[in-house]
Structure formats: structure tokens, C-alpha cells
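Working notes for the structure below.
Keep in mind that this is a model prediction, so the values were computed, not measured. What you see below is based on every heavy atom in this structure, not just the backbone, and it leaves out hydrogens, waters and symmetry mates.
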Amino acid sequence: VVELMSVSPDSKAAILRGKKELPAETESFIKTIEHALKFTYRGIIDNYGTIAEPLDWLAELGNLVAKGHAMAVTSAPDDVTNPPAMQKWYQQTITGSIMMDIEPGWGHLHLLWPDTQRRCFSFLLTGKDVFKS
């Protein structure tokens, strides 16, 4: 997690905020990351391809939407690790997907916030963003 905090200032801010506001959830998140990295670095390395190689397969996700599967891309305005412009590109590339704009405050780790978790799980269950204002 030290690595995450040193390369991602918005993630660092979210972890520090989480330690104050959501200590149990944040500790669980940190332990999960540490557990994963203790055994392998593959997740980090394997995900590098998503920024270093063409994403020709991404548009094919629109086929799932065409078959009736809902797909959303989450984006927070304070995410500097993966900025909103990139999220907008994903959403535009995946035909039929929706953009789920998340309020600022947690940056790249916006899924750590319980309200965002509820919103995303609700979307997964219903296919609708019922929390959208």
C-alpha cells in the first residue's frame, strides 16, 4: 500500500480520510491489497497492458449491452490516477454504457465509500442508476 500511496496522491488522500471516517473498511482494504501483493505482483503488471497496448477488445463490451446487460463506468472528478477524461473515453467506446459520476472526496478509491458501493451494487442488481441526481 505504500507504493499505491506514493504514486497516487488521490489514493493516498482517500486512505488517510478512510482511516478517520471508515477505519474498519479501510483496514480491510489495505489488508486485501497487502495480501495480494505479498504473493504476486501480477495484478499490477498484467493491468499495465491496459495503458500500454491497444484496447481493441473494449468496443466488444458494447455487445453485452446490446444483449441486455447493463454496463456503467464510474468516474470521480478528483480521480487523478485515472482521470475523468479517460473514463469518458471508456464510456464512449463501450456503446450503450452509462457514465456514473461519483461525487468528489475519494479520488481513485471512490468505491471505498459506502454510498458509492450501494449505488454500484444497486446498479448491478437493477441495471439502473437509481441514485443519479
Once rounded to the nearest 0.5 Å, what's the spacing between atom [atom1] of [X] and atom [atom2] of [Y]?
{"X": "H69", "Y": "L61", "atom1": "NE2", "atom2": "CG", "answer": "11.5 Å"}
{"X": "I15", "Y": "E27", "atom1": "CD1", "atom2": "CD", "answer": "10.5 Å"}
{"X": "E103", "Y": "T116", "atom1": "CD", "atom2": "OG1", "answer": "8.0 Å"}

Query - D78 (side chain) donor-acceptor with P104 (main chain) under 3.5 angstrom - result: no

Query raised in the report: So, the side chain of S97 versus the backbone of Q91: is there a donor-acceptor pair under 3.5 Å, distance only?
Result: yes

[X] to [Y] - nearest heavy-atom pair and separation:
{"X": "T74", "Y": "C120", "result": "CG2-SG, 3.8 Å"}
{"X": "M99", "Y": "Q87", "result": "CE-O, 3.3 Å"}
{"X": "S11", "Y": "T81", "result": "OG-OG1, 4.0 Å"}
{"X": "R119", "Y": "D101", "result": "NH1-O, 2.8 Å"}

Query raised in the report: Hey, quick one: are M86 and L111 part of the same hydrophobic cluster, counting side-chain heavy atoms closer than 4.5 Å, chains of contacts allowed?
Result: no

Report summary line: T95 meets the side chain to side chain contact (heavy atoms under 4.5 Å, CB included) criterion, sequence neighbours left out, with none

**Report entry** D115: partners by side-chain hydrogen bond (donor to acceptor under 3.5 Å, both in side chains), with sequence neighbours left out
**Finding:** W113, R118

Query raised in the report: Which other residues belong to the hydrophobic cluster containing M100, where Ile, Leu, Val, Met, Phe, Trp and Tyr are joined when side-chain heavy atoms lie under 4.5 Å apart, directly or via other members?
Result: I98, I102, F123

